A.B. asks: 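Before I ask anything, here is the structure I am working with.
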Amino acid sequence: DSGVTQTPKHLITATGQRVTLRCSPRSGDLSVYWYQQSLDQGLQFLIQYYNGEERAKGNILERFSAQQFPDLHSELNLSSLELGDSALYFCASSSGQGDGYTFGSGTRLTVV
Amino acid sequence: EDQVTQSPEALRLQEGESSSLNCSYTVSGLRGLFWYRQDPGKGPEFLFTLYSAGEEKEKERLKATLTKKESFLHITAPKPEDSATYLCAVQEGNNDMRFGAGTRLTVKP
C-alpha cells in the first residue's frame, strides 16, 4: 500500500457519459498529480494541484477537469467520454519538496 | 520535442545476465531525475532520485548513475522477479515530472 488511494479501481461506461475518479493523497502530501496511461502513449501528465490550487496543466482535454478539496483529496472529472479515453488514470502525491511522487494503484477506465 | 528518451524499448535477459538501461534527457535546468518500476496494471513504484551529474544510488541489484545528458540503470545478476517496465522521469525547475516511454525488461529463468 503506497498510501495514495484511488477509487474506483475499475470503471466501465458508455460513450458520451461522465465519470468522476477520486484520489486521496498520502498523509502530509499537499501536491496531487493526475496522469493518463494508455498503451500507445505511456504516462501523460494531466494536471497538478497544490493545497487546493491548480499549479500546472499538461495535456488535459477541455472535456476533463479536476479539483482538490480542503481535505486535500482530489477528483478528476471526465465528460463526453470517447472510446479513446479508455486508459489507466493514475493519481500521485508528493510533499512538494523535490522528492519523488508516490503513485496510487490507478483507475482503469473502459469506454464502450 | 521529447524531453526524455529511454532505450531499449524492450530487453530480454537470462537470469544472471547483467545489463544497463539508458535514459537520455534534454531539459536545461534539471531539478531531479527519477527512476520508477512499474508492474503490469499497477502504479509506478519509486526507486531512485538523482540530482546532479556524477551521483550514484544503489538498491539491491539496481544501480542508477547520472551524467549531464543521460542516466543509466544498471541491473546486476537479474532475477525473474526483476521483470517489469522501468520508467525514467525528469523534473525541470518547479515543473511537473515528465516520463519517458519506459523499458520493458523480461528476465528468463
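The structure displayed is predicted, hence computed values, not measured ones. Order of the sequence lines sets the chain letters (A, B, ...), proteins ahead of strands, with each chain counted from 1.
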A.B. asks: I'd like to know if Leu61(A) and Ile47(A) are part of one continuous hydrophobic network [Ile/Leu/Val/Met/Phe/Trp/Tyr, side-chain heavy atoms within less than 4.5 Å].
C.D. replies: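 Yes: a chain of side-chain contacts under 4.5 Å links Ile47(A) to Leu61(A).
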A.B. asks: For Phe48(B), which atoms come within 4.5 Å of any heavy atom of chain A: side chain, backbone, both, or neither?
C.D. replies: neither
A.B. asks: Select one option (side chain, backbone, both, neither) describing which atoms of Glu45(B) are under 4.5 Å from chain A's heavy atoms.
C.D. replies: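 Interface part for Glu45(B): neither.
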A.B. asks: If you count heavy atoms of other groups shown closer than 6.0 angstrom to CD of Glu9(B), is the number above 12?
C.D. replies: no
A.B. asks: Given that the side chain runs from C-beta out, which part of Gln37(A) has a heavy atom under 4.5 Å from chain B: side chain, backbone, both or neither?
C.D. replies: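 Contact with chain B involves the side chain of Gln37(A) alone.
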A.B. asks: Can you name the residues of residues 98-109 of chain B that have some heavy atom under 4.5 Å away from a heavy atom in chain A?
C.D. replies: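 Result: Arg98(B), Phe99(B).
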A.B. asks: If you group Ile, Leu, Val, Met, Phe, Trp and Tyr by side-chain heavy-atom gaps below 4.5 Å, do Leu50(B) and Val90(B) land in one group?
C.D. replies: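 Yes, it is one cluster - the side chains of Leu50(B) and Val90(B) are joined through contacts under 4.5 Å.
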A.B. asks: Consider only side-chain heavy atoms of I, L, V, M, F, W and Y, link residues closer than 4.5 Å, and tell whether Met97(B) and Tyr33(A) are in one cluster.
C.D. replies: yes
A.B. asks: Hey, any chance Leu76(A) and Leu88(A) share a hydrophobic cluster, counting ILVMFWY side chains that come within less than 4.5 Å of each other, even indirectly?
C.D. replies: no
A.B. asks: With the side chain counted from C-beta on, respond yes when Tyr101(A) and Phe34(B) share a heavy-atom pair under 4.5 Å apart, and no when they do not.
C.D. replies: no
A.B. asks: Which bit of Leu87(B) comes within less than 4.5 Å of chain A, counting heavy atoms only: side chain, backbone, both or neither?
C.D. replies: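 It is the side chain, since no backbone atom gets that close.
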A.B. asks: Counting only heavy atoms not in Lys57(B), do more than 12 fall under 6.0 Å of its NZ?
C.D. replies: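 Result for NZ/Lys57(B): enclosed.
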A.B. asks: Highest number of heavy-atom pairs under 4.5 Å with chain A: which of Gly43(B), Pro44(B), Ala89(B)?
C.D. replies: Pro44(B)
A.B. asks: Take atom CZ in Arg61(B); do more than 12 heavy atoms of anything else shown fall under 6.0 Å from it?
C.D. replies: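 Counting other residues, nucleotides and ligands, CZ of Arg61(B) exceeds 12 neighbours.
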A.B. asks: How would you list, in number order, the residues of residues 63-74 of chain B that have a heavy atom less than 4.5 Å from chain A?
C.D. replies: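 Residues in range: none.
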A.B. asks: Identify whether Trp35(B) and Val27(B) are in the same connected component of the hydrophobic contact network (ILVMFWY, side-chain heavy atoms under 4.5 Å).
C.D. replies: yes
